[in-house]
Amino acid sequence: MRTQVVIVGGGPSGLLLGQLLHKAGIESIVLERQSRAHVLGRIRAGVLERGLVDLMGQAGVDTRMKAEGFVHDGTLIAYDNDMFRVDFTAHTDATVLVYGQTEVTRDLYDARDATGGDTRFEVENVVIHDAGTDAPFVTFGENGHSERIDCDFIAGCDGFHGVSRKTIPADVRQEYEKVYPFGWLGILSETPPVNDELIYANSDRGFALCSMRNANLSRYYIQCDTSDDPASWSDDAFWDELRRRIPPQAAEALVTGPSIEKSIAPLRSFVCEPMRWGRLFLCGDAAHIVPPTGAKGLNTAASDVHYLNQGLRQFYGQGDSEGIDRYSERALARVWKTQRFSWWFSTLMHHFPDQTAFDKKMQRAELALLRDSREAQAAMALSYVGLAY
Ligand SMILES: Cc1cc2nc3c(=O)[nH]c(=O)nc-3n(C[C@H](O)[C@H](O)[C@H](O)COP(=O)(O)OP(=O)(O)OC[C@H]3O[C@@H](n4cnc5c(N)ncnc54)[C@H](O)[C@@H]3O)c2cc1C
């Protein structure tokens with residue numbers, strides 16, 4: 001087989017890139033390790049920046065998103081039983097859209113099917129060969145057979161645990177990591193959200209987040225130990241703990257019900273440099289991870305896709321390699337700014353096991369500054385709605 005771009009990973013990065021390339025007449029084959037049902041069953045992001053919404057429009061897959069997504073023009077921050085609002089439109093010309101990653105992925109798969117895009121599910125042992133040369137190829141197992149695809153480029157969109165990043169030689173790769181000493185226990189429940197905007201809460205018992213997917217689907221998180229087992233948290237125990245961490249008016253309004261999903265996510269900041277090696281380009285979680293506070297993971301994956309799509313269009317359309325040559329530099333410039341925001345917001349909102357009384361005072365002072373200062377709110381809003389590409 002031969003194609004122009006092999007995309008390793010059929011998550012949101014890989015699928016969005018595939019659709020954007022298709023619009024430019026650039027062929028791709030997507031290789032996904034899991035089944036389609038498995039990919040669509042993963043409950044993850046839900047807050048989309050304008051940049052991602054615009055890219056979905058450019059890919060021609062925003063009809064359902066526009067009809068069913070919820071525009072949010074602010075968010076609430078709670079601490080010490082108090083709550084204040086950061087108004088995005090008072091400080092920026094943008095809003096965010098609440099629309100689940102599962103739905104984004106479903107829309108992209110449907111569009112890929114409609115355009116006859118080649119997607120291989122449940123492939124095994126994907127290996128990237130000769131990415132440092134002008135003749136790269138990818139091998140993999142499919143239905144018990146070994147397959148080979150020759151290509152011009154490889155987009156490594158295979159997430160944090162994928163093979164692409166590890167293909168870059170260790171002496172070329174530089175990795176930066178910070179692991180946080182806690183995780184997020186999240187549940188999804190078919191109940192109306194406690195509030196029509198997200199509530200981020202810093203409490204003495206730890207962080208909590210009240211989020212949502214739609215008018216009858218709520219997503220709630222509480223900070224927990226990474227060693228906790230989700231199965232050891234009964235729904236009642238979760239709801240009780242959540243009520244203790246959010247302001248009384250929200251606790252009273254909380255509508256509870258059985259969880260339909262419950263999982264624990266560790267919190268990590270991670271960046272791999274460079275994001276390009278020869279003809280291999282890393283996109284999304286394959287190259288970087290943020291703690292989910294502030295919802296930057298999927299959105300940063302989208303900005304990578306934007307820069308790579310631009311670079312490949314420039315290459316195939318005008319024979320100009322400037323865009324792909326500068327891909328890593330451009331993507332990383334934005335990646336580090338979103339890393340800063342996610343780290344800052346996580347540090348501000350969580351209870352750290354080794355936190356001293358002084359550290360706690362600093363958190364409270366910073367929260368008070370954010371509550372009282374227009375400039376501090378403007379800085380937060382700018383990053384929350386998403387930095388320009
Ligand atoms: C609990 C949670 C909440 C989150 N909330 C938010 C949020 O609100 N906002 C936000 O922006 N982000 C959020 N994120 C982050 C967001 O989900 C990720 O950043 C996003 O999924 C990245 O997309 P991706 O396509 O780069 O990687 P992935 O979604 O990880 O997709 C990679 C794909 O590659 C496949 N794959 C892996 N290895 C191989 C291989 N060897 N061969 C072939 N295929 C392979 C995987 O099966 C997967 O389908 C959250 C994440 C979690 C865990």
Side-chain angles (χ1 to χ4, degrees), residues 6-18 29-49 51-53 72 75 96-102 104-105 108-109 119-128 138-142 154-167 183-188 198 200 209 211-213 219-221 224 230 261-268 270 275 281-305 308 331 335 338 341-342 345 384 386:
V6 171
I7 299 176
V8 185
S13 312
L15 295 172
L16 181 58
L17 179 66
I29 297 178
V30 172
L31 301 178
E32 168 56 51
R33 185 174 57 179
Q34 303 286 357
S35 67
R36 182 173 176 144
H38 179 98
V39 176
L40 289 174
R42 290 190 300 228
I43 307 298
R44 288 184 168 180
V47 179
L48 314 184
E49 295 175 358
L52 171 50
V53 173
H72 280 203
T75 194
V96 293
L97 191 75
V98 171
Y99 188 70
Q101 175 169 335
T102 313
V104 169
T105 313
L108 286 164
Y109 271 132
T119 310
R120 313 291 174 103
F121 291 99
E122 297 181 71
V123 300
E124 294 172 336
N125 302 324
V126 172
V127 181
I128 297 167
V138 177
T139 56
F140 59 99
E142 187 179 31
I154 298 141
C157 302
D158 48 353
F160 185 67
H161 299 287
V163 294
S164 299
R165 185 178 68 254
K166 294 165 200 148
T167 303
W184 280 16
L185 170 64
I187 70 164
L188 196 64
L198 274 70
Y200 291 89
L209 170 61
S211 184
M212 71 287 289
R213 293 294 179 268
R219 184 76 166 146
Y220 295 103
Y221 296 99
C224 66
E261 195 265 355
K262 195 185 284 165
S263 54
I264 291 183
L267 267 70
R268 167 188 280 127
F270 175 88
M275 286 173 60
F281 301 88
L282 302 182
C283 268
D285 280 17
H288 41 75
I289 298 284
V290 284
T293 335
K296 290 293 156 223
L298 176 60
N299 291 307
T300 311
S303 65
D304 296 347
V305 167
L308 185 53
V335 162
T338 53
F341 173 72
S342 304
F345 202 23
Y384 198 97

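For ligands, and for the atoms within them, numbers begin at 1 and follow the listed sequence. Values below: every heavy atom of this structure, side chains too, minus hydrogens, waters and symmetry copies.
Close approach to L31 involves these atoms of ligand 1, each under 4.0 Å from a residue heavy atom: 43 (C), 44 (N). Which parts of ligand 1 touch D158 is read off a 4.0 Å heavy-atom cut-off, strictly below it: atoms 32 (C), 34 (O), 36 (N), 37 (C), 38 (N), 39 (C), 45 (C). The G284 neighbourhood of ligand 1 comprises atoms 26 (O), with distances under 4.0 Å to a heavy atom of that residue. Every atom of ligand 1 is numbered from 1 in the order shown, and the set under 4.0 Å from a heavy atom of G159 is 27 (O), 30 (O), 32 (C). Against a heavy-atom cut-off of under 4.0 Å, K296 is close to the following atoms of ligand 1: 10 (C), 11 (O). Less than 4.0 angstrom separates some heavy atom of Q34 from each of these atoms of ligand 1: 47 (O).
The two residues V290 and G297 come nearest to each other via the heavy atoms CG2-N, 3.4 Å. Minimum interatomic distance between H288 and T300 (heavy atoms only, all atoms of both residues): CE1-CG2, 3.5 Å. The two residues K166 and H161 make their nearest non-hydrogen contact at NZ-O, 3.7 Å.
Protein heavy atom nearest atom 42 (N) of ligand 1, with residue, atom name and distance: V126 CG2, 3.6 Å. For atom 28 (P) of ligand 1, the closest non-hydrogen atom on the protein side is R44 NH1, 3.6 Å. Of all protein heavy atoms, the one lying nearest to atom 18 (C) of ligand 1 is D285 OD2, 3.3 Å. Scanning the protein for heavy atoms near atom 41 (N) of ligand 1, the closest one is V163 CG1, 3.7 Å. Protein heavy atom in closest approach to atom 11 (O) of ligand 1: L298 N, 2.7 Å.
For the pair G46 and ligand 1, a heavy-atom separation below 4.0 Å is found. Between R42 and ligand 1 there is a heavy-atom distance shorter than 4.0 Å.
Residue A286 has no N or O atom closer than 3.5 Å to an N or O atom of ligand 1. Here's the thing with E32: one of its N/O atoms is less than 3.5 angstrom from an N/O atom of ligand 1. Ligand 1 has no nitrogen or oxygen under 3.5 angstrom from a nitrogen or oxygen of I43. Ligand 1 has no nitrogen or oxygen under 3.5 angstrom from a nitrogen or oxygen of P292. Considering both main-chain and side-chain atoms, Y221 never comes within under 3.5 Å of ligand 1 through any nitrogen or oxygen pair. Looking at ligand 1, you'll find an N or O of R33 within less than 3.5 Å of one of its N or O atoms.
For the pair W184 and L267, the minimum side-chain heavy-atom distance is below 4.5 Å. Side-chain contact check for L97 versus H72: every heavy-atom pair is 4.5 Å or farther apart. The side-chain heavy atoms of E261 and I187, taken from C-beta on, include no pair separated by under 4.5 Å. Residues V163 and V127 are not in side-chain contact: their nearest non-hydrogen atoms beyond the backbone lie 4.5 Å or more apart. Counting heavy atoms from C-beta on, the side chains of I7 and L15 never come closer than 4.5 Å.
Of the candidates G162, S164, A265, the one placing a heavy atom closest to atom 1 (C) of ligand 1 is A265. Between atom 23 (O) of ligand 1 and the options P12, G11, A295, the minimum heavy-atom separation is to P12. Scanning G297, P291, S13, A45 for the heavy atom closest to atom 24 (P) of ligand 1 points to S13.
Ring pair Y200/Y384 is perpendicular by interplanar angle, where above 60° counts as perpendicular and below 30° as parallel. Using the six-membered ring where Trp is involved, F121 and Y109 have ring planes that are tilted, between 30° and 60° apart.
Note that CZ of R219 is 13.0 Å distant from CE of M212, once rounded to the nearest 0.5 Å. Considering CG of D285 and CZ of F160, their distance stands at 9.0 Å, rounded to 0.5 Å. Here the CD-NZ distance, from E49 to K296, works out to 3.5 Å after rounding to the nearest 0.5 Å.
If you look at N299 next to ligand 1, the close heavy atoms, those under 4.0 Å, come from the backbone and the side chain alike. Contacts of C157 with ligand 1, taken as heavy-atom pairs under 4.0 Å, involve the backbone alone. Counting heavy atoms closer than 4.0 Å to ligand 1, residue Q101 contributes side-chain atoms (C-beta onward) but none from N, CA, C or O.
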Stepwise side chain to side chain contact (heavy atoms under 4.5 Å, CB included) check, Y221 with L185: CA-CA 5 Å; Y221 296 99; L185 170 64; over 6 Å; no
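Paired with V104 under the rule side chain to side chain contact (heavy atoms under 4.5 Å, CB included), one option of L16, V53, L48 passes, and it is L48.
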